[in-house]
Participant: 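My structure is below; once you've seen it, I'll send some questions.
All values below come from the heavy atoms of this structure, side chains included, with hydrogens, waters and symmetry mates left out. As the structure is a prediction and not an experimental result, all values here were calculated from the model.
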Amino acid sequence: MDRIAATLARLGVRHVFGVSGANIEDLYDALRGTDGATCGVVAKHEFSAATMADGSARVTGRFGVVSTTSGGAAMNLVPGLAEAYASRVPMLALVGQPPTAQEGRGAFQETSGLAGSFDAMAVLDPVSRFCARVEDPARIDAVLTAAISAAHQDPKGPAVLLLPKDVQQALVDDSPSRVLTVAAPASPAPTPALDQAAALLREARQVLVIAGAGVASSGGRRELDRLVGRLGAWVATTPDARDAFDNRHPAFAGVAGVMGHDAVGELLQRADLCLLAGTRLPALARNGLEEALAGMPVICVDPEPPHIPGLALTGSPQATLRALSLRLGAHRRLCPPHPGPVLLSGGTSSGETLRAYADALHVISTVLAPDVHVFVDAGNAAAAAIHVLSPAPRGRFVVALGMGGMGYTFGAGIGAALATGRRTYVLAGDGAFYAHGTEVHTALEAAAPVTFVIFNNNAHAMCVTREDLFQGGASGVNAFRPSDIAAGVSAMFPGLRATRASTAPQLRAALLAGQAGGGPALVAMDFDPAELPPFRPFLAAGQAPVNNQEGDHDDRAVHVG
């Protein structure tokens, strides 16, 4: 394990996120030998440890590392690895195992698959790009190289090493590690496809670009901006990628798909070519756009082919966008005027009670520093945040739609904050908080600069809404008894700045106080579980305005971004 720890430190890994135990404790002992270059961060649950590694990778562009012991701890990694697998996030998972001599002999937490025991390989292999059980200590450099390389190859994702206890403790030669720094080459799509795409783009009178998370993760935002200027294109983003393009740019049209803006569909009707950049356009991003897309040429810039028919430019989004710009030359077209991302919102005056998600999100938008990261969890609040909240210009805006698991953001936000040292916002509902919100304790222990913003409607509100709209009325099974989350965490975790805000000034003051101090802070707000979020199936079924809030506010059009 000393060799693994030293190798991680040499490769620039600053944190190993995990939960310790007998069959992985040697790793934590070895990390102490890196003189602080690589530190162990102990989470409360292995899923959150995996999402910490995931969040770290998303904001740094480097691979994240998670560790866990054997048995149930290893199984708790599965949903976190599945999210990284689906969202193409490079990670390395180091999973302890009982000693090899006990395999097939009824060892505690045995997962060798022998003698009728459970097989960890069979479970972890489908949610990883590489999965291997290390039986020979002398091969650790070779296996580490293969694992890290696989995590970085397109399609990116997690690599898993199963490490028996005796292998971890074995002596190996003390020669320098032969594990190389592994980085996938940023290669553009093949030349014939690039030439064909450039010809289509030259002929197009008007282009709509739909940009996805692959733009930001490949470092291609500048290349996308350059190409958009040469095309005079309109730009929309997928729901999980509002940070792929400057939301304040005149070309920005809003978010595409199920949580998006009407303007995107209207502009697609006016365009005669659609360019997908860094997205394969999954169902949530193409909702309401399928008919228009079927009637026009589609070009997809992504390492993988699109989910809809189109010309696939399979290569690095950054390198491919750059190559397309070079083929189009320096001439720039003017972007035709368009309405932009218009939504209905109640608008909050300085003394008003917070009554709707949009009210709170408008307040949050006024305090975000230019370089903060924002992680948005699943649920009604997520739909509202995707629709309303513009990302900070130099930060990431992450929505984990790969698996859409509740509670992802609590670990991911901590991982991002520790990896960058920058203030990170976690926006989550009370359902997500109950799932993995005790990671607030991890943030407090690690002094991570995270502000947790909890939208509390005392329910799994999206399920309540589905029952009400599609199942003949809410049953009550998804409604909770009222709770005061801020008071609860304040009592549990002395030293945590926790506030319950019910007005716009209270919310703003709490957010600013959280930014001013080091370490974590939490703000909780109460909302009505009956509020409809800007989610197309709900709005269509309920025939309601976007915010559907009660009260005497005057609805008016608001341009966001």
Side-chain angles (χ1 to χ4, degrees), residues 1-13 16 18 20-34 37-38 40 53 62-71 73-74 77 81 84-85 90-105 107 109-115 117-153 156-184:
M1 273 304 200
D2 290 329
R3 192 173 189 87
I4 292 177
T7 298
L8 294 177
R10 184 175 62 80
L11 295 179
V13 175
V16 173
S20 190
N23 284 327
I24 199 64
E25 62 191 4
D26 295 282
L27 173 62
Y28 289 85
D29 181 52
L31 290 175
R32 289 197 291 268
T34 67
T38 305
R62 301 188 296 271
F63 71 100
V65 181
V66 61
S67 68
T68 185
T69 191
S70 51
L77 282 180
L81 296 179
Y85 183 97
M91 281 172 47
L92 174 66
L94 304 173
V95 182
Q97 299 286 280
T100 54
Q102 297 182 24
E103 291 177 354
R105 303 185 64 187
Q109 295 184 330
E110 181 173 356
T111 54
S112 68
L114 300 176
S117 65
F118 188 74
D119 189 349
M121 282 276 289
V123 175
L124 298 175
D125 184 69
V127 291
S128 61
R129 305 297 177 189
F130 178 95
C131 187
R133 186 186 300 272
V134 182
E135 302 282 358
D136 181 0
R139 295 193 66 249
I140 189 60
D141 281 358
V143 178
L144 259 180
T145 296
I148 299 172
S149 179
H152 286 84
Q153 298 292 323
K156 298 178 176 65
V160 179
L161 294 184
L162 300 173
L163 302 166
K165 177 84 168 179
D166 56 315
V167 173
Q168 298 176 42
Q169 295 178 332
L171 295 175
V172 295
D173 67 81
D174 58 0
S175 61
S177 169
R178 295 181 296 276
V179 178
L180 303 176
T181 301
V182 183

Participant: Look up atom CG in Leu11 and atom OG in Ser177, then write down how far apart they are to the nearest 0.5 Å.
Facilitator: 7.0 Å
Participant: I need the minimum non-hydrogen distance between Ala9 and Ala37, along with the two atoms involved.
Facilitator: CB-CB, 4.0 Å
Participant: If you measure from CG on Leu162 to OG on Ser70, what distance do you get to the nearest 0.5 Å?
Facilitator: 10.5 Å
Participant: Is any side-chain heavy atom of Leu163 closer than 4.5 Å to one of Ile4?
Facilitator: yes
Participant: Can you tell me how far CG of Leu124 sits from CG of Leu161, rounded to the nearest 0.5 angstrom?
Facilitator: 11.0 Å
Participant: Grab the two heavy atoms, one from Asp166 and one from Pro99, that are nearest each other, plus how far apart they are.
Facilitator: OD1-CA, 3.3 Å
Participant: Write down the atom of Leu81, the atom of Ala93, and the distance for their closest heavy-atom approach.
Facilitator: CD2-CB, 4.2 Å
Participant: According to side-chain hydrogen bond (donor to acceptor under 3.5 Å, both in side chains), who are the partners of Ser117, at least two apart in sequence or on a separate chain?
Facilitator: Ser112
Participant: Quick one: does Asn23's side chain get under 4.5 Å of Pro98's, heavy atoms only?
Facilitator: yes
Participant: Side-chain contact test, heavy atoms from C-beta onward, threshold under 4.5 Å: evaluate it for Thr34 versus Leu8 and give yes or no.
Facilitator: no
Participant: What pair of heavy atoms forms the shortest contact from Cys131 to Asp125, and how long is it?
Facilitator: CB-OD1, 3.7 Å
Participant: If I compare all heavy atoms of Ser128 with all of Val160, which pair ends up nearest, and what's the gap?
Facilitator: CB-CG2, 3.7 Å
Participant: If you measure from CZ on Phe130 to OG on Ser149, what distance do you get to the nearest 0.5 Å?
Facilitator: 9.5 Å
Participant: Write down the atom of Gly96, the atom of Gln168, and the distance for their closest heavy-atom approach.
Facilitator: CA-NE2, 3.8 Å
Participant: Go through the structure and list residues passing side-chain hydrogen bond (donor to acceptor under 3.5 Å, both in side chains) with Gln169, not counting sequence neighbours.
Facilitator: Asp26
Participant: Can you check whether Val143 reaches Asp136 side chain to side chain, under 4.5 Å on heavy atoms?
Facilitator: no
Participant: Answer whether the closest heavy-atom distance between the side chains of Met121 and Arg133 falls below 4.5 Å.
Facilitator: yes
Participant: For the CD atom of Gln97 and the CD atom of Gln102, what is their distance to the nearest 0.5 Å?
Facilitator: 12.0 Å
Participant: Check whether any side-chain heavy atom of Arg3 lies under 4.5 Å from a side-chain heavy atom of Asp141, and answer yes or no.
Facilitator: yes
Participant: Roughly how far apart are Lys165 NZ and Ile24 CD1, rounded to 0.5 Å?
Facilitator: 8.5 Å
Participant: Evaluate the side-chain proximity of Asp29 to Met1: yes if any heavy-atom separation is below 4.5 Å, no if none is.
Facilitator: no
Participant: Quiz question: by atom type and distance under 3.5 Å, do the side chains of Gln153 and Arg129 form a donor-acceptor pair?
Facilitator: no
Participant: Do the non-hydrogen side-chain atoms of Thr111 and Val95 ever get within less than 4.5 Å of each other?
Facilitator: no
Participant: Would you please test Leu92 and Leu144 for side chain to side chain contact (heavy atoms under 4.5 Å, CB included) and show each step?
Facilitator: CA-CA 9 Å; Leu92 174 66; Leu144 259 180; 4.0 Å; yes
